[in-house]
Protein chains: 2
Amino acid sequence: MSDVAYDRLYDDITGGKLQPNERLIELDLARELGISRAAVRNALIRLEQEGLVKREPNRGARVRLVSEEEAVEILEARMALECVAVRHAALNRTPEDIDELRALLSKMEDHLKRGDLLAASDVNGQFHRRLIEIANHSTISRLLKMLNSQLIRFQYRTILTPGRPPSSLAEHRAIFEAVAAGDPDAAEKAMRTHLSRVAKALKQTAAEARSP
Amino acid sequence: MSDVAYDRLYDDITGGKLQPNERLIELDLARELGISRAAVRNALIRLEQEGLVKREPNRGARVRLVSEEEAVEILEARMALECVAVRHAALNRTPEDIDELRALLSKMEDHLKRGDLLAASDVNGQFHRRLIEIANHSTISRLLKMLNSQLIRFQYRTILTPGRPPSSLAEHRAIFEAVAAGDPDAAEKAMRTHLSRVAKALKQTAAEARSP
DNA sequence: CTCCGGGAAATCGTTGACAATTATGTTAAC
DNA sequence: GTTAACATAATTGTCAACGATTTCCCGGAG
């Protein structure tokens, strides 16, 4: 029963239905989901550990607001971990994996040609997630799931940056080529340049948001 | 009240008082700590998220057993993150920080000369922890805390490896020099070689434990 | 008009009890 | 002697209620 609350809240927070800093009142959520308050409480504790929720003693829980600085921090950590993951992916990948990644890449290309940036961002997420599955590294996988869930709000912003879509596609293609070739060094390098450019784009949009 | 249970269990697990795979019965713990079962339950949920405890539906919680493979995984993730952290440390460090690190290093040297490996291992932990504090990177700090707590059982083994102590000291000294010099590239490189050698030592002792 | 205090409402923290599930032990049949 | 079925115990899952804390609102004094 606690899982119900967890899944629901997870989706609502990462999906944007719940705004940052919005209060999460145990009783309300319990009534809404038709479960007990204790179950909601447990879900909130789990979400707090994952960094999606902030709980303060006697003051309840809120959707955690991820500051720009923190977003950069998270991206930095993610870069370090995802570079290791992509190395493993380059060594583990099967021919089927390569086909799947290629398919995702061409799907992404289609969306970009059609100008559908949100769909492209979606495929982008799938591409990265698939790479991590291929890496088959449970620890890194666990950590990256945490980090990514906190970044979703920012993630779909970066691809909206002017001029970003075509280079993003090229960067992903470079990652794909290296993984397909089974070259961990090249894969890591490609991933590193990709994510550092995402970070750069993020900083840029953040700066623009501050002084428009 | 839940924090009491959390702190106690955390210390007992990382301190080795509770053996891996040992059952953690909510009611017993609650009585022992003089608190309610719900508080214990909350603590167990938090510990599960941190990877110290494994909970199975309707079958209770156990101290999580970290396999050798997983220890290597964790070490790999830790390497990636700590390399980033040490870069920041090299850029952020103040003169006081340098003095502190130098003091820790000489303390470590003393312990090794005296042959007190456990004390040396302790200072080793302090050294790494201090570096992370200096890095001032909340996200990486959070992740590393999780990873390290799972490794403590293995950590003090690696320095016991024959021939390891002197090279370990040299590796730490290299990290220190780079951080003191404010050279992030050198710091990262030094940290990387250090941790890869720790991983190598870990694999070696693990192999020996398998076939003595 | 502003600021301070008091009281009510809202919400969280904690507890104990009950239901549901899994583990254990015992007996009987083969 | 071994296994199957059953009863019993141990443990977790769920819930509703009570007490504690914070927040909010309102009236009165300055």
Side-chain angles (χ1 to χ4, degrees), chain A residues 1-67 142 149-150, chain B residues 1-66 142 146 149-150:
Chain A
M1 283 293 153
S2 167
D3 294 341
V4 176
Y6 175 84
D7 291 341
R8 171 66 173 277
L9 284 170
Y10 185 94
D11 290 345
D12 284 358
I13 293 175
T14 57
K17 285 188 186 174
L18 293 170
Q19 295 306 313
N21 244 323
E22 185 168 339
R23 285 197 65 183
L24 299 172
I25 292 155
E26 297 178 359
L27 195 57
D28 292 353
L29 295 170
R31 274 199 282 249
E32 191 180 337
L33 300 174
I35 57 182
S36 121
R37 205 158 69 87
V40 174
R41 207 178 162 72
N42 291 347
L44 290 174
I45 292 172
R46 285 166 65 185
L47 290 165
E48 180 182 31
Q49 293 292 347
E50 295 194 9
L52 286 180
V53 156
K54 172 105 187 249
R55 287 192 339 137
E56 286 177 293
N58 282 316
R59 300 167 115 250
R62 295 173 173 277
V63 178
R64 184 150 158 252
L65 174 73
V66 180
S67 69
R142 199 161 48 93
S149 58
Q150 295 180 42
Chain B
M1 284 293 156
S2 165
D3 294 342
V4 176
Y6 175 84
D7 291 341
R8 171 67 173 277
L9 285 170
Y10 185 94
D11 290 345
D12 283 358
I13 293 175
T14 58
K17 285 188 187 174
L18 293 170
Q19 294 306 313
N21 243 325
E22 186 168 339
R23 284 197 66 181
L24 300 171
I25 292 157
E26 297 178 359
L27 196 58
D28 293 352
L29 295 169
R31 274 199 283 249
E32 191 181 337
L33 300 174
I35 57 182
S36 122
R37 203 160 68 88
V40 174
R41 207 178 163 72
N42 292 346
L44 289 175
I45 291 172
R46 285 166 64 184
L47 290 165
E48 181 182 31
Q49 294 291 332
E50 295 195 9
L52 286 180
V53 157
K54 172 105 187 250
R55 286 193 341 135
E56 286 178 291
N58 283 316
R59 301 166 113 251
R62 294 173 173 277
V63 178
R64 183 149 159 254
L65 173 73
V66 179
R142 198 160 49 91
M146 279 180 47
S149 58
Q150 296 180 42

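So you know, we letter chains A, B, ... as the sequences are listed, proteins then strands, and number each from 1.
Atom CG of A:Leu9 sits about 6.5 Å away from atom CG of A:Leu33, to the nearest 0.5 Å. The CZ atom of B:Arg64 sits 14.0 Å away from atom CZ of B:Arg55, with the distance rounded to the nearest 0.5 Å. Between atom CG of residue A:Asp12 and atom CG of residue A:Leu24 there is a gap of 9.5 Å, rounded to the nearest 0.5 Å.
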For nucleotides 12-22 of chain D, 5' to 3', base contacts (B), sugar-phosphate-only contacts (S) and non-contacts (-) with protein non-hydrogen atoms under 4.0 Å give BBBB-B---SS
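Side-chain atoms of B:Glu50 never come within 3.5 Å of backbone atoms of B:Gln150 as a donor-acceptor pair (strictly under, hydrogens ignored).
Taking every heavy atom of both residues into account, A:Asp3 and A:Arg46 meet most closely at OD1-NH1, 2.9 Å. Residue A:Ile35 comes nearest to A:Ala5 through the heavy atom pair CD1-CB, 3.7 Å, listed as atom of the first residue, atom of the second, then distance. When every heavy atom of A:Tyr6 is checked against every heavy atom of A:Ala43, the shortest pair comes out as N-CB, 3.6 Å.
The salt bridge (Lys or Arg N to Asp or Glu O under 4.0 Å) search around A:Glu32 returns A:Arg8, not counting sequence neighbours. Applying the side chain to side chain contact (heavy atoms under 4.5 Å, CB included) test to A:Asp28 and every residue at least two apart in sequence or in another chain returns A:Ile25, A:Arg31. Shown here are the side chain to side chain contact (heavy atoms under 4.5 Å, CB included) partners of B:Gln19, two or more places apart in sequence or in another chain: B:Glu22.
From the 5' end on, the contacts that DNA chain C makes with chain B at under 4.0 Å to a non-hydrogen atom open and close at C:dT14 to C:dA23.
Proximity of residues 43-50 of chain B to DNA chain C (heavy atom under 4.0 angstrom from any strand atom) is not detected for any residue.
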